[in-house]
Amino acid sequence: MKSLTRRNFNSLTAKGIGGAALLSSSPFACAMGGNQGKKKLGIALVGLGSYSTYQLAPALQDTQHCYLAGIVTGTPQKEKAWADKYGIPEKNIYNYQNFDDIANNEDIDVVYVVLPNSMHAEFCVRAAKAGKHVICEKPMGISVAECDAIINACKEAGVKLGMGYRLHSEPYTQQVKEYVKEKTFGDILFVSADAAYRSTGNPDQWRLNKKLSGGGALMNMGVYAVQSTIYGTGENPISVSAQEFSTRPDYFKDTDETITAQFKFPSGAVGNISTSHNFNANAMYVSGSSGWFQLQPANNYGPLSGETSRGDTIKFPHESQQKLQMDDFAKHVLFNEPNLAPGEMGKRDMMIVEAIYKSIANGGETIALDFEPGYGFGG
Ligand code: NAD
């Protein structure tokens with residue numbers, strides 16, 4: 001088994017694999033576009049739950065092109081704790097009621113919405129109306145209609161929109177995309193992807209409450225598996241059929257526990273996903289006409305790990321995925337670099353999620369999907 005060498009790694013970055021994420025412009029470079037002259041963009045996190053607390057805020061201490069400038073919280077006790085910890089001035093602290101005043105705050109360039117899924121649309125639309133660029137956590141909303149509302153609000157306001165799909169900024173996922181694009185393992189014939197964890201905590205948590213989450217495992221982890229099948233084939237699916245399994249109905253009263261789904265792709269490739277709140281799974285496997293590759297883990301915070309039929313391991317130095325993701329979005333805003341996870345990607349995934357739920361409701365019926373080629377693909 002051989003690992004990727006430093007030379008291979010450098011050549012990958014030179015070819016653009018991970019280049020956007022791993023090579024950065026000078027922090028003193030003059031910014032282009034609407035935020036001209038800014039060296040770093042100010043980000044305000046909306047919703048200070050576990051993802052903001054343990055991933056995004058720490059990552060924002062290391063980002064080169066953006067920094068933690070403000071917070072929006074519904075919990076007054078968090079205001080002082082966060083202000084003390086991160087040196088956030090009082091004028092950059094908002095609650096859900098006075099949030100719209102953020103329009104007048106020049107310190108804040110980007111609003112990052114990290115709330116329960118059913119609140120994404122409201123706060124993304126309000127952020128866009130306040131003239132701020134928007135990052136929306138996954139899933140984008142709880143319906144395609146909500147995704148449209150966010151996309152349209154950002155278009156109307158002339159602000160940029162990115163999804164919190166951190167994997168597009170990290171090198172293992174970028175390597176997968178490169179294998180597929182370069183046909184390193186031939187034509188892709190099959191992809192399988194699993195994204196799941198076992199939930200045993202508070203049954204009243206918002207993730208198990210459909211009104212707040214929009215759905216269960218599929219909305220939460222399933223979007224990673226759906227994404228893996230798409231970047232594992234380089235195509236959007238043309239149809240899906242799906243099944244739901246429930247083994248702990250007393251715990252999963254309101255939301256889906258386990259879902260499997262099968263996809264067809266325009267090239268003839270087929271795919272299979274599983275997602276669950278009842279078991280642990282975190283992998284993707286891709287079989288081509290001349291070999292295979294796999295990542296396991298494939299979708300956690302890293303380091304990821306992979307191997308191929310050539311006998312090599314896929315290995316990259318570890319960096320915070322969230323840091324890479326937020327810097328990539330900042331470079332999109334500041335320097336017009338590609339948007340690796342645009343809003344259309346979030347909408348496409350929600351269209352697939354809705355098709356999966358429709359198939360289940362219709363007893364596993366095959367549901368056709370009709371995307372323009374490459375719809376929702378990032379730059
Ligand atoms: P969390 O439960 O830890 O935090 C949710 C936050 O929303 C809390 O601060 C809570 O006070 C606030 N909130 C406001 N109104 C609420 C309400 N009515 N009910 C419950 N909470 C309410 O959740 P989290 O893990 O931080 O997830 C937040 C979002 O981030 C979700 O959309 C989730 O899918 C996404 N997320 C993404 C990743 C990723 O890797 N990209 C990882 C974790 C979470």
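Counting starts at 1 for both ligands and their atoms, following the listed order. The first residue of the sequence shown is numbered 1, and numbering continues consecutively from there.
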When you measure from the centre of the six-membered ring of Y96, is the NZ or CZ of R126 under 6.0 Å away and within 45° of the axis?
-> no
Going by the ring pair (Phe, Tyr, Trp, His ring centres under 6.0 Å) test, which pairs reach into residues 183-227, not counting sequence neighbours?
-> Y179-F185, F185-F293, Y197-H277
Test ring-ring contact (aromatic ring centres under 6.0 Å, His included) applied to Y231 - qualifying residues, sequence neighbours left out | H168
Residues with a heavy atom under 4.0 Å from ligand 1, by chain and number, are L48, G49, S50, Y51, K78, Y96, V114, L115, P116, N117, M119, H120, E137, K138, G164, R166, W206, R207, L212, Y224, Y301
Hey, which of D194, T173, N282, V223 is the one that makes side-chain contact (heavy atoms from CB on, under 4.5 Å) with N299?
-> N282
What residues join L208 in its hydrophobic cluster, counting side-chain heavy atom gaps under 4.5 Å, either direct or through other members?
-> Y251, F252
Flag for T260-Q243: side-chain donor and acceptor within less than 3.5 Å = yes
